[in-house]
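Here is the structure we will look at, set down as structure tokens.
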Amino acid sequence: MAVRIVGTGKYIPPGFETTATVAERLGLSTEDILHKTGIEKRHLAGDESASSMAHKALESAITKSGIAKDEIDGVIVATFTGDYLYPSTALKLVQTLGLKAGIAFDLMANCAGMQVAMENARCLLQGNPSLRVIAVVGLAKQSPFVDPFDENSAYFFGDAASVVLLRRSEAEAEAGGLLPSYFTSNTKNYELVRLRGGGSSFPHSPALFEQDSKALYYEHTGLGVWKEVVVELPKIIRRAMDDLGWTVNDLDLILFHQANLRLIEYCMARLRVPMSKTINNVQQIGNTAEASLGTVMDEAFDAGWFAPGKKVLLASVGAGFVYTVTPYYIP
């Protein structure tokens, strides 16, 4: 039984900060940052809440797809920057959009979260014949956790929300669509990207700010992440291709978590796939964590890349590190 993408949406907040502005604040070279990341600006939510961004993205997906709200039986939100630690953002969306979804929960896999959430949704839809549509939401309001004076992270991370609507096919014999994902973890560099503040070992308090103010913000070792990802991400992509019996030449499109344009360019070169076979927006919105993959999926869906006959591969990496690859193909 197939699970297929039937709608997508995204919300990018209107406020932004250019890399040139960050460079001036930090006394860095704009050209050096662009050479290293390709990021020209990042969009920032300001006073807008995370759940408001998710609401607008899901509302957009519902409107574009024509799916009735009553058809949505589940909402899964991939985030670690929701309005609260709990209750979940998913339940907030059920409330604000007037949904009847019985399944509503958040999960956390950092920048791999969208694919982890889609895999959860795929398994739920294939395992429960009463479910029709599950909304998968990638949500990142990272700006409150980025130190504007940190030379390693101030120009990387932005805010956004994205949505993928997945439907269980009604025909038992239908094949293809969202295929099972491939996962691998590599924890030797567990501490390279982290946010300690708010965890039970680092609860927010005046003492934490006085003793270790860095714990309140993203800690990001860019070079270490680069060395980790350029080895491991192509490796799991090749493993998935071998298992599927596909070659890179068979692919119509590869979509990546939008971490860093140069990183994506390097991985594509290692795979020997031309950049014409990918879509990127990190240049204009920055690294939007869980939301990022969904933002380029929205562009690809609108352009017809998930149509029958197209072979699409999704690839992400989340802090810690977890890698995931998801194939999509309708014969």
Side-chain angles (χ1 to χ4, degrees), residues 2-8 10 38 109 111-119 121-122 136 138 162 164-167 169 174-184 186 226 228-283 287-288 290-318 321-331:
V3 172
R4 297 184 176 180
I5 298 171
V6 292
T8 60
K10 65 175 179 292
C111 298
M114 175 59 89
Q115 283 180 255
V116 174
M118 285 195 295
E119 180 65 8
R122 184 190 67 81
V136 178
S162 62
V164 174
L165 299 176
L166 297 175
R167 182 190 288 279
S169 67
E174 282 192 6
L178 192 69
L179 303 177
S181 294
Y182 296 80
F183 293 93
T184 190
N186 181 19
W226 176 282
E228 161 83 24
V229 175
V230 297
V231 172
E232 298 298 332
L233 192 55
K235 190 185 298 183
I236 188 175
I237 289 173
R238 291 191 184 101
R239 189 185 100 200
M241 299 294 285
D242 289 345
D243 189 63
L244 291 162
W246 295 359
T247 71
V248 290
N249 293 328
D250 295 329
L251 294 175
D252 293 288
L253 192 68
I254 305 180
L255 295 176
F256 292 90
H257 153 54
Q258 299 289 291
N260 176 328
L261 181 62
R262 308 306 173 211
L263 184 64
I264 293 169
E265 290 171 342
Y266 192 91
C267 287
M268 290 289 279
R270 289 202 65 173
L271 292 167
R272 298 183 179 179
V273 179
M275 286 296 290
S276 59
K277 286 192 172 187
T278 189
I279 296 172
N280 299 295
N281 61 20
V282 66
Q283 310 94 305
N287 178 338
T288 57
E290 297 97 334
S292 78
L293 181 65
T295 64
V296 287
M297 289 181 69
D298 181 54
E299 294 179 32
F301 185 82
D302 288 349
W305 286 106
F306 290 97
K310 303 288 188 183
K311 290 184 176 179
V312 180
L313 208 66
L314 312 175
S316 298
V317 53
F321 285 82
V322 58
Y323 296 85
T324 178
V325 169
T326 305
Y328 190 92
Y329 174 60
I330 300 175

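All figures in this text were calculated on a predicted structure; none of them were measured in a lab. In what follows, every heavy atom counts, from backbone to side chain, and hydrogens, waters and symmetry copies are set aside.
- The shortest non-hydrogen separation linking P331 to P308 is O-CB, 4.3 Å.
- Using modelled atom types, one side-chain atom of E119 and one backbone atom of S181 make a donor-acceptor pair closer than 3.5 Å.
- The CG atom of L313 lies 11.0 Å from the CG atom of D250; values are rounded to the nearest 0.5 Å.
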For V231 and R270, what are the C-alpha separation, side-chain angles and deciding distance, and is it a side chain to side chain contact (heavy atoms under 4.5 Å, CB included)? CA-CA 9 Å; V231 172; R270 289 202 65 173; 4.2 Å; yes
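- By the 4.5 Å heavy-atom criterion applied to side chains, K311 and W246 are counted as neighbours.
- V325 places none of its side-chain heavy atoms less than 4.5 Å from the side chain of M241.
- Remark: side-chain polar atoms of S316 are not paired, donor with acceptor, to backbone N or O of T324 under 3.5 angstrom.
- The shortest side-chain heavy-atom distance between Y266 and N260 does not fall under the 4.5 Å cut-off.
- Of all heavy-atom pairs spanning P327 and P180, the tightest one is CD-O, 3.4 Å.
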Under the side chain to side chain contact (heavy atoms under 4.5 Å, CB included) criterion, do V317 and E232 qualify, and how do the steps go? CA-CA 9 Å; V317 53; E232 298 298 332; over 6 Å; no
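- Smallest separation of non-hydrogen atoms from S292 and H257: OG-ND1, 2.6 Å.
- Here the side chain of R122 pairs no donor or acceptor atom with the backbone of V3 at under 3.5 angstrom.
- Summarising the geometry of W226 relative to R262, their closest heavy-atom pair is CH2-O, 3.5 Å, with the distance given to 0.1 Å.
- With hydrogens and angles disregarded, no donor-acceptor distance shorter than 3.5 Å links the side chain of Q258 to the backbone of V296.
- Put simply, CD on E299 and OG1 on T8 are 9.5 Å apart, with the number rounded to the nearest 0.5 Å.
- Looking at M297 and W305, their side chains never come closer than 4.5 Å, going by heavy atoms from C-beta outward.
- When all heavy atoms are compared, the tightest approach of M114 to S162 is CE-OG, 3.3 Å.
- Distance alone, capped at 3.5 Å, places no donor-acceptor pair between the D252 side chain and the V312 backbone.
- Side-chain contact check for L165 versus F301: every heavy-atom pair is 4.5 Å or farther apart.
- Separating the CD1 atom in I264 from the OG1 atom in T278 is a distance of 6.0 Å, to the nearest 0.5 Å.
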Show your working on side chain to side chain contact (heavy atoms under 4.5 Å, CB included) between R238 and V248 and close with a plain yes or no. CA-CA 8 Å; R238 291 191 184 101; V248 290; over 6 Å; no
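- At least one side-chain heavy atom of F256 sits under 4.5 Å from a side-chain heavy atom of M268.
- Distance check, rounded to the nearest 0.5 Å: CZ of R4 to CZ of R167 gives 11.5 Å.
- Note that NZ of K235 is 7.5 Å distant from CG of N186, once rounded to the nearest 0.5 Å.
- Put simply, the side chain of N287 reaches to within 4.5 Å of the side chain of C111, judged on heavy atoms.
- When the options T288, T295, N281, D298 are evaluated for a side chain to side chain donor-acceptor pair (under 3.5 Å) with K10, the one that passes is D298.
- The OH atom of Y323 sits 8.5 Å away from the OG1 atom of T184 when rounded to the nearest 0.5 Å.
- For the pair R272 and N249, the minimum side-chain heavy-atom distance is 4.5 Å or more.
- Donor-acceptor pairing under 3.5 Å is recorded for the side chains of T326 and Q115.
- Of all heavy-atom pairs between A117 and V136, the closest is CB-CG1, 3.5 Å.
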